[in-house]
Amino acid sequence: MNKTEHEKNQKAIINRMAKIIGHTKSVKTMVEDGRDCSEVLIQLSAVKAAINNTGKEVLKLYLQECLQDAVENSNPEKLRELNRIIETFMK
């Protein structure tokens, strides 16, 4: 992955995170305003999905970079690291 692609992907992740932060602030306001629990739960579900989807995108990028390095440099440690990251993310 070249530097331009990396920067583009990084910006996309940052934008996703900004939206998630805005959404969580909205949920906080809903709770403060005493909104119905079912509405809050629906919004929390949307936040959780957004976080999971962002995590998947970060994992995909990491896979690209890590696998490329592992293959190009015959680096088995990178593959072990990759397995640890996947295990952590999937918990």
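Position 1 is the first residue of the sequence; numbering continues from there. The figures that follow rest on heavy atoms only: side chains count, while hydrogens, waters and symmetry mates do not.
- With a 4.5 Å cut-off on side-chain heavy atoms, Gln10 and Leu61 do not count as touching.
- Between Ile21 and Lys25, some side-chain heavy-atom pair lies under the 4.5 Å cut-off.
- By the side-chain contact (heavy atoms from CB on, under 4.5 Å) test, Ser74 is found to be paired with no residue, residues two or more places apart in sequence or in another chain being considered.
- In terms of heavy atoms, Phe89 sits closest to Leu59 at CD2-CD2, 3.7 Å.
- Heavy atoms only, all atoms of each residue included: Gln43 and Val27 are closest at CB-CG2, 3.6 Å.
- Distance SG/Cys37 to CD1/Ile42: 11.5 Å, rounded to 0.5 Å.
- Only one option out of Asn9, Ile13, Asn53 pairs with Val58 in a side-chain contact (heavy atoms from CB on, under 4.5 Å); it is Ile13.
- Thr88 contributes a side-chain N or O that, together with a main-chain N or O of Arg84, makes up a donor-acceptor pair within less than 3.5 Å.
- Going from atom CD of Glu7 over to atom CD of Glu5 covers 11.0 Å, rounded to the nearest 0.5 Å.
- In this structure, the side chains of Thr54 and Glu57 stay at 4.5 Å or more apart for every pair of heavy atoms.
- The side-chain heavy atoms of Glu81 and Tyr62, taken from C-beta on, include a pair separated by under 4.5 Å.
- Here the CD atom belonging to Glu77 is positioned 11.0 Å from the CG atom belonging to Leu82, to the nearest 0.5 angstrom.
- Residues in residues 39-48 take part in these salt bridge (charged side-chain N to carboxylate O under 4.0 Å, His left out) pairs, two or more places apart or across chains: Arg35-Glu39.
- Checked against side-chain contact (heavy atoms from CB on, under 4.5 Å), Thr24 has the following partners two or more places apart in sequence or in another chain: Ile20, Val47.
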Checklist entry - What's the verdict on salt bridge (charged side-chain N to carboxylate O under 4.0 Å, His left out) for Glu87 and Lys91, showing C-alpha distance, side-chain angles and the deciding distance? => result CA-CA 7 Å; Glu87 286 293 323; Lys91 286 185 181 179; over 6 Å; no
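- Within the model, atoms CG of Asn83 and NZ of Lys78 stand 13.0 Å from one another, a figure rounded to the nearest 0.5 Å.
- Proximity of Leu63 to Ile86: side-chain heavy atoms (C-beta onward) are separated by under 4.5 Å at one or more points.
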